[in-house]
Undergrad: 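Have a look at the structure that comes next, please.
Residue numbers run from 1 in the order of the sequence given.
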Amino acid sequence: MDIINYFLAFTNRVKYIIIPFAFYSLYILYSFNLYEFVRELENTLTSLILLLFVYYLIKELKFAKYYYIITSFVVAFVQYLKIAFYEVYGYKISKSLVYTILETYGKEVDEYLSTNLNINIIVYTIIFFCYLFFLIKDFRNNNNLIKNRNVVMSSLFVVVISFILYRGFHLRKYNFTYTVASSIYDFKKTHDAFDSKLKSKTNSLFKYVSKTSIIPKIYVVVIGESTTRGHMGLYGYKRNTNPLLTEKNKNLKLYNNVFSTSAWTIFSLNHILLHKKKEIGYFDHLKENDIKASIVQLANMAGFKTYWLSNQRQIGANETSTSKIASAADKSIFVNYEDYDFESYDEKILPELDNLLKDNAPHKMIFIHLMGAHWNFIHRYPSNFNKFTDVPPTKINDKKKQQIINEYDNAIRYNDFIVNSVIDKVSDTNTEAYVTYFSDHGVDVFENVTKAIEHSDRNPTKPMYEIPFLVWMSDGYKKNNTFNYYPNRIYVMGDFIHSFSELSNIEFSEIDLTKSIFSNEYNFDKQKIINTRLEKIIYD
């Protein structure tokens with residue numbers, strides 16, 4: 001009984017640390033189920049151990065009294081963030097989400113926060129500030145809130161309970177502290193691998209790379225952003241969002257069943273642009289030992305002069321993995337220094353493309369990374385492309401959401417102009433050439449979700465993964481190369497390096513034509529999508 005009395009007395013004195021934990025645990029019990037509540041209970045008890053242990057070490061120091069108020073604030077703020085993330089995304093913070101925030105510096109998170117704010121978040125924000133008010137008030141009235149003896153006894157009690165839960169339920173991977181710490185550790189190790197393996201011009205992990213023929217050539221890979229094929233007139237959308245590419249349709253090879261590996265840009269592009277270990281699945285998040293090399297390095301070794309032309313931000317010294325891949329190119333050009341909330345139209349890349357096409361290098365491989373249809377949609381196109389202003393083809397009656405759909409469709413129509421312009425400029429060179437275009441992922445604009453626009457691996461819907469994929473070829477390319485066209489093949493972009501190699505006539509020791517959408521040997525690996533989010537999406 002003494003231990004229980006000590007514990008009750010202690011909890012009263014440290015109630016401002018316990019209240020946020022208790023509030024969040026009850027929130028989980030209400031929002032999820034009993035098992036999730038048990039997970040959070042373990043998380044709470046483990047966190048309390050750490051906090052109490054630190055206090056025990058510093059309790060004799062003069063500043064120990066400030067430890068309580070600082071700890072209380074941090075604990076409350078963390079629980080508030082966790083609730084806010086669930087209200088926005090519909091799932092709890094995970095390693096994938098932490099990694100994405102670290103990788104994108106919050107820009108894709110900003111996209112969600114700017115569209116998914118709701119009354120619940122506002123209420124929880126008010127509760128949080130009320131909590132801070134009473135915390136500060138009580139602290140001013142009573143600085144000596146913690147008694148040493150109660151700390152020791154209660155710590156022992158918490159340790160015993162935590163050990164039982166930890167051993168009995170094996171819940172370490174659900175612990176918030178562990179999730180964040182291990183995510184940061186994995187992030188650092190992965191980016192160290194990016195530095196060591198991907199920033200050099202060549203990579204010894206590519207074996208027996210063939211050299212390109214002596215015939216001059218220009219090959220262009222255009223990477224779009226947040227473009228779902230369901231909003232493209234080329235793919236049967238009710239609006240003519242592709243007036244220019246539709247005119248070229250007879251000269252385009254259009255693929256109808258191509259899917260991204262992720263609804264997040266960074267995970268998708270890592271799978272698309274990198275050569276990985278053979279056993280890596282389509283949807284596995286890459287770790288340092290999974291990475292081998294990039295398609296930019298492969299093109300370098302095949303004898304191409306490589307260029308990376310981007311309207312996405314480079315991020316400066318704190319590079320994203322994509323900019324590290326780009327750094328292997330012979331020449332990298334980033335034309336966008338603005339935040340995503342400002343206009344940086346993709347047409348900015350067109351004069352730069354003109355200059356690259358004039359380069360006297362005989363063999364050019366140009367990678368173009370567009371802003372595409374990245375949120376905020378209204379910032380993705382100039383006013384003269386504000387074509388769609390009427391009621392869109394949707395069952396949504398909300399005028400604000402209808403306006404967002406119109407803005408997205410206008411962004412797609414402007415993207416049509418950009419991709420068409422790239423093709424025209426390459427065509428004018430009268431060189432052996434191809435242009436291939438695809439998007440990193442799609443986005444669900446109120447088609448299956450009703451609260452807000454969304455692209456999330458934790459709440460997958462078809463529009464998030466269904467992406468456009470097309471190829472344009474010059475007469476010179478058609479004359480000098482054999483091309484097999486299978487428009488309805490199911491293809492997942494995690495195998496793109498093999499398609500890229502065949503399209504570019506580059507051979508290397510690990511090329512696998514069963515993974516190339518262009519090959520007669522193609523064999524779709526159904527096993528790689530079993531028990532993943534795309535199994536249902538592809539076969540529905």
Side-chain angles (χ1 to χ4, degrees), residues 31-32 36 85-101 103-104 107-113 115-116 118 179 183 223-232 235 237 255-272 280-286 372-375 377 394-396 401 404-405 408 412 438-469 490-496 524-540:
S31 301
F32 291 91
E36 291 291 338
F85 268 97
Y86 178 73
E87 288 294 329
V88 172
Y89 293 97
Y91 53 89
K92 296 192 296 180
I93 290 178
S94 65
K95 290 186 70 173
S96 298
L97 182 57
V98 173
Y99 193 103
T100 302
I101 294 171
E103 180 65 63
T104 63
K107 288 306 173 186
E108 294 203 24
V109 175
D110 288 345
E111 174 184 334
Y112 278 103
L113 294 179
T115 59
N116 289 18
N118 57 49
T179 296
S183 298
I223 304 168
E225 167 73 52
S226 301
T227 303
T228 183
R229 64 174 178 260
H231 278 254
M232 296 180 65
Y235 287 94
Y237 186 49
Y255 292 84
N256 302 314
N257 289 298
V258 176
F259 300 86
S260 64
T261 61
S262 174
W264 289 100
T265 295
I266 200 61
F267 294 140
S268 175
L269 289 186
N270 283 352
H271 273 276
I272 290 170
I280 297 302
Y282 287 133
F283 312 102
D284 295 331
H285 297 152
L286 302 184
H374 194 291
W375 175 264
F377 306 141
T394 178
K395 296 178 181 179
I396 300 290
K401 293 178 180 179
I404 292 175
I405 295 172
Y408 185 71
I412 299 296
F438 55 84
S439 182
D440 56 353
H441 58 77
V443 63
D444 195 323
V445 188
F446 307 119
E447 184 172 338
N448 299 285
V449 294
T450 57
K451 288 176 59 178
I453 61 168
E454 188 169 354
H455 57 95
S456 166
D457 286 341
R458 293 301 183 93
N459 185 29
T461 63
K462 282 180 178 292
M464 301 178 193
Y465 297 88
E466 294 179 330
I467 58 173
F469 188 97
I490 296 174
Y491 191 73
V492 181
M493 289 297 289
D495 291 329
F496 178 69
F524 179 62
D525 187 355
K526 294 182 180 180
Q527 293 298 316
K528 293 180 75 172
I529 66 165
I530 289 178
N531 297 323
T532 71
R533 52 190 165 272
L534 268 196
E535 182 179 15
K536 183 176 185 297
I537 287 175
I538 289 178
Y539 291 111
D540 252 3

Undergrad: Of all heavy-atom pairs between Pro460 and Tyr465, which one has the smallest distance, and what is that distance?
TA: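 Reported closest heavy-atom pair: CB-CE1, 3.5 Å.
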
Undergrad: Quick one: does Ser439's side chain have a donor or acceptor within less than 3.5 Å of a partner on Thr227's backbone?
TA: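 The answer is yes, because a donor-acceptor pair under 3.5 Å joins these two groups.
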
Undergrad: Measure across Met493 and Thr261 and return the closest heavy-atom pair with its distance rounded to 0.1 Å.
TA: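 Nearest pair, atom of Met493 first, then Thr261: C-CG2, 4.1 Å.
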
Undergrad: Using modelled atom types only, decide if a donor and an acceptor are shared between the side chain of Thr228 and the backbone of Glu466 within a distance under 3.5 Å.
TA: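 Checking the backbone N and O of Glu466 against the side chain of Thr228, a donor-acceptor pair under 3.5 Å is found.
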
Undergrad: Can you confirm whether the side chains of Thr461 and Asp444 place a donor and an acceptor under 3.5 Å from each other?
TA: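 The answer is yes; a qualifying pair exists.
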
Undergrad: Before accepting this row, confirm whether a basic side-chain N of the pair Asp495/Lys528 lies closer than 4.0 Å to the acidic partner's carboxylate O.
TA: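 Result for this pair is yes, salt bridge flagged.
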
Undergrad: May I ask you to check whether Phe438 and Tyr255 place their ring centers less than 6.0 Å from one another?
TA: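 For Phe438 and Tyr255, the ring centres are not under 6.0 Å apart.
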
Undergrad: Does the side chain of Phe377 reach to within under 4.5 Å of the side chain of Ile412, using non-hydrogen atoms?
TA: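 No; the side chains remain at least 4.5 Å from each other.
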
Undergrad: Distance to the ring centre below 6.0 angstrom and angle to the axis at most 45 degrees; does that hold for Arg229 and Phe469?
TA: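 No, Arg229 does not sit over the ring of Phe469.
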
Undergrad: Will you find, in the side chains of Thr265 and His441, an N or O donor that is under 3.5 Å from an N or O acceptor?
TA: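 Side chains of Thr265 and His441: pair found under 3.5 Å.
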
Undergrad: Would the distance check show the side chain of Asp440 and the main-chain N or O of Ser226 forming a donor-acceptor pair, the cut-off being under 3.5 Å?
TA: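 Confirmed, Asp440 side chain pairs with Ser226 backbone.
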
Undergrad: I need the Tyr235 OH to Ile467 CD1 distance, nearest 0.5 Å.
TA: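 Interatomic distance, Tyr235 OH to Ile467 CD1, rounded to 0.5 Å: 8.5 Å.
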
Undergrad: Can you tell me how far apart OG1 (Thr394) and CZ (Phe446) are? Round to the nearest 0.5 Å.
TA: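 The CZ atom of Phe446 is 9.0 Å from OG1 of Thr394, to the nearest 0.5 Å.
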
Undergrad: What pair of heavy atoms forms the shortest contact from Ser260 to Ser262, and how long is it?
TA: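 Shortest heavy-atom separation between Ser260 and Ser262 comes out as OG-O, 3.1 Å.
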
Undergrad: Which atom pair, heavy atoms only, marks the closest approach of Phe524 to Ile538?
TA: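 Taking every non-hydrogen atom into account, CZ-CD1, 4.4 Å.
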
Undergrad: Can you name the ring pair (Phe, Tyr, Trp, His ring centres under 6.0 Å) partners of Tyr237, sequence neighbours left out?
TA: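 For Tyr237, the residues satisfying ring pair (Phe, Tyr, Trp, His ring centres under 6.0 Å) (neighbours in sequence not counted) are His231.
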
Undergrad: Show, in sequence, the C-alpha distance, side-chain angles and deciding distance for Trp375 and Ile404, and conclude whether the side chain to side chain contact (heavy atoms under 4.5 Å, CB included) test is met.
TA: CA-CA 10 Å; Trp375 175 264; Ile404 292 175; 4.1 Å; yes

Undergrad: Minimum heavy-atom separation for Phe259 and Leu534, please, with both atom names.
TA: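 Smallest heavy-atom distance, with atoms named: CB-CD1, 3.8 Å.
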
